[in-house]
Amino acid sequence: MTEQGVQQNRTWDESVDFVSVGSGGGGLVAALRANAEGLDALVLEKQSKFGGSTAMSGGMVWMPNNPVMQSVGLEDSYEDGMAYFESVVGDGGPGSSKARRHAYLTEGPGMIGFLQERGVPFMAAPNWADNYDTYPGGKKGGRSIECPPFDASSLGEYEHRIQPGITAGIGFVAGSQDLLSLQNFNRSPRKFARTARVFMRTKLARARRKTMLAGGAALAGNLMKSVLDAGIPIWGDTAVTDLITENGRVVGVLATKDGKDVLIQARRGVLLAAGGFARNQRMRETYGGDQVPSGEWTIANAGDTGEVMQAAMRLGAQTDLMDDAWWLPRTLQGGGISTMDNARCRPRTILVAADGKRFCNEANSKMQVGKAMFAKDKVAKAVPCWLITDDRYRKRYNHTHQLRHLGRFPKEWTETGYVKAAATLDGLARICEIDPVGLAETVKQFNIHARNGEDPEFGRGVSDYNRMNGDPANKPNPSLGPIEEGPFYAVQIVPADVGTCGGLITDEHGRVLAEGDQPIQGLYATGNTSATVMGRTYMSAGGSIANSMMYGYLAAAHAATTAETAS
């Protein structure tokens, strides 16, 4: 907290109504809403590229009863959305209060409409199921929406200043729905046709020398364009180092820009939307508990360093869920080029711990599987665990997103030890230091039921979400098949994360709460800087991005109703 120069004659270098700290979905949407409410807004980004974790994500936005799903005839309701929150999240802590859930569900559809009116296009994902679609209130599709590919040349001087998205390393202009087809392009005519469209789109963009963005980068690009079109200034390479208060109210920020300290007044409010602390070693060790406190496997945004969260904590802000993150079970193959990250969802694969036993429904959401790894690790080593598969799996699928490794593993995978191989399961177990007896018994029991498309132990393949991520050509269950044809293979799986999900406790307006649940006047927070409304769960694709956008939107609306601070 900076109380220096609390005097009324303080000299500000810049004075606006509303400051968004961070240029991800939360910060950009908040700036747009502030502008629509007649406020002068300013977006600050400490990195040279914009979009934050939103740009790096898959780009989906999860919102029950949204106007995009309504436009394609998919039914939903407030009641179903609330039932889903209650059945999945349960008691999610103060960040997931009834009031915050109510605000999310009542104001969320309007937020999507607000963005559509400002030129942000969304596509429906009618077959993208909620992560817990079998739970009360769950839906088989439509709540997750995404933007189509975006031509970055429309950003002018900002064309090359959007954070690279998850598809940047695979060589295709592909959104989240496209990625499902790319991985299974040889498994159904529909998947092949969609892959062909992605291929032609990419070729055409290269021929025209266009910078086409997809996934989260497309969402960030569209939001950036709307912000720029509205005349809202965006400052890059501007790091906020402290919050400035006056009589207990946050009235501005201290930032560093071009190597100089800059005092920026925020007459109506400051929104902290700068991500979590996944890249802050000390904070992870302090708050992470037994869930990988070092953060050695994180793939979070490089700007996830937590300093603005700490500034709010110095003001007495309450926190929650600080020991949790958005877990992402994945291999250690870099560059996002291996489809082995999602192999657990396909037939002829299982995950096992060092005792050779399965410990979860492998095809469940990333968050569920990551948490299961930590739980199992308390009784047998499961961090990392092992993906086990067979030669029929190897023959059947494409193994990189470049589409040139159909039916064969890249040579370097086995040469470097990324993929372990052995003629027998016993030999594979010994190479990986897995209990061979445990593995043999696990595979034997798994195969008995998997041949019939059943998994009585964990229910794999029962939900639409499980089946969506499986092999559409595999019968009777897209998620299940026996592991029986040697040689056999193993790949190490680690519980990586895409960011922490705990932080400052906020109310339904996005106001940061101090002791006694009293709001810190003038201070708001959203996204991974705050404790998520989704508690310790990930409700569906786009949940974290929607959470960030939603409470940024609400924060700006609330700030517009407050009285101006003294000048």
Side-chain angles (χ1 to χ4, degrees), residues 25-26 53-54 57-66 68-69 74 76-109 111-112 124-146 176 216 276 320-321 324-329 345 360-361 363-372 462-466 468-469 497-503 508 526-528 530-551:
S53 298
T54 298
S57 75
M60 283 196 156
V61 178
W62 182 79
M63 186 56 64
N65 204 28
N66 67 73
V68 184
M69 68 185 298
L74 295 175
D76 201 359
S77 67
Y78 169 90
E79 291 75 18
D80 281 350
M82 187 60 78
Y84 190 61
F85 262 104
E86 292 172 353
S87 63
V88 173
V89 181
D91 181 4
S96 188
S97 66
K98 184 68 176 284
R100 276 173 59 79
R101 295 178 189 185
H102 176 74
Y104 187 97
L105 293 171
T106 55
E107 299 293 332
M111 178 193 72
I112 300 300
N127 299 312
W128 198 291
D130 287 342
N131 287 4
Y132 300 79
D133 64 274
T134 60
Y135 284 47
K139 296 295 179 182
K140 296 182 178 181
R143 285 173 168 170
S144 295
I145 58 178
E146 67 176 329
S176 289
D320 195 27
L321 308 179
D324 224 331
W326 301 118
W327 303 113
L328 176 67
C345 303
C360 68
N361 176 340
N364 272 349
S365 73
K366 301 174 180 70
M367 193 78 163
Q368 288 171 279
V369 174
K371 286 182 172 293
V462 171
S463 72
D464 280 85
Y465 177 82
N466 284 178
M468 173 189 78
N469 287 290
D497 68 75
V498 295
T500 49
C501 64
E508 66 272 24
T526 193
N528 291 347
S530 63
T532 173
V533 73
M534 297 178 192
R536 295 186 182 276
T537 68
Y538 199 77
M539 300 176 76
S540 193
S544 61
I545 299 303
N547 172 77
S548 183
M549 294 165 61
M550 187 70 254
Y551 296 102

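Position 1 is the first residue of the sequence; numbering continues from there.
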Check whether any side-chain heavy atom of [X] lies under 4.5 Å from a side-chain heavy atom of [Y], and answer yes or no.
| X | Y | answer |
| --- | --- | --- |
| Leu105 | Asn65 | no |
| Met550 | Met63 | yes |
| Arg536 | Lys371 | yes |
| Asn361 | Gln368 | no |
| Asp497 | Leu328 | no |
| Val89 | Arg101 | yes |
| Pro126 | Met69 | no |
| Asn547 | Arg100 | yes |

Under a 3.5 Å distance rule, please check whether [X] uses its side chain to pair with a backbone N or O of [Y] as donor and acceptor.
| X | Y | value |
| --- | --- | --- |
| Asp464 | Thr134 | no |
| Ser176 | Gly58 | yes |
| Ser530 | Thr532 | no |
| Tyr84 | Tyr132 | yes |

Taking the six-membered ring for Trp, are Tyr104 and Tyr551 parallel (under 30°), tilted (30 to 60°) or perpendicular (over 60°)?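 Correct class here is tilted.
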Mind checking side-chain hydrogen bond (donor to acceptor under 3.5 Å, both in side chains) for Glu508 and listing every partner two or more places apart, or none if nothing turns up?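 Partners of Glu508 under the side-chain hydrogen bond (donor to acceptor under 3.5 Å, both in side chains) test: none.
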Please list, chain by chain and in numerical order, all residues satisfying side-chain hydrogen bond (donor to acceptor under 3.5 Å, both in side chains) with Asp76, sequence neighbours excluded.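 side-chain hydrogen bond (donor to acceptor under 3.5 Å, both in side chains) list for Asp76, sorted by chain: Arg143.
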From [X] [atom1] over to [Y] [atom2], what is the distance, rounded to the nearest 0.5 angstrom?
| X | Y | atom1 | atom2 | result |
| --- | --- | --- | --- | --- |
| Ser544 | Met367 | OG | CE | 9.5 Å |
| Cys345 | Met468 | SG | CE | 8.5 Å |
| Ser87 | Met82 | OG | CE | 11.5 Å |
| Asp324 | Thr500 | CG | OG1 | 9.5 Å |
| Trp128 | Met60 | CH2 | CE | 4.5 Å |

So which heavy atom on [X] is nearest to which on [Y], and how close?
| X | Y | value |
| --- | --- | --- |
| Gly535 | Ser96 | N-CB, 4.4 Å |
| Ala531 | Leu321 | CB-CD1, 4.3 Å |
| Tyr78 | Thr106 | CE1-CG2, 3.7 Å |
| Ala124 | Ile145 | CA-CG2, 4.4 Å |
| Ser144 | Ala541 | OG-O, 2.7 Å |
| Asn364 | Tyr465 | C-CE2, 3.7 Å |

One pair to check against side chain to side chain contact (heavy atoms under 4.5 Å, CB included): Met539 and Tyr135. What are the steps and the verdict? CA-CA 11 Å; Met539 300 176 76; Tyr135 284 47; over 6 Å; no
Would you please say whether a donor-acceptor pair under 3.5 Å links the side chains of Trp326 and Asn528?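 Yes, because at least one side-chain N or O of Trp326 sits under 3.5 Å from a partner of the opposite role on Asn528.
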In plain terms, say whether Lys139 and Asp130 are close enough for a salt bridge, that is, a side-chain N and a carboxylate O under 4.0 Å apart.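 No, no charged N to carboxylate O under 4.0 Å.
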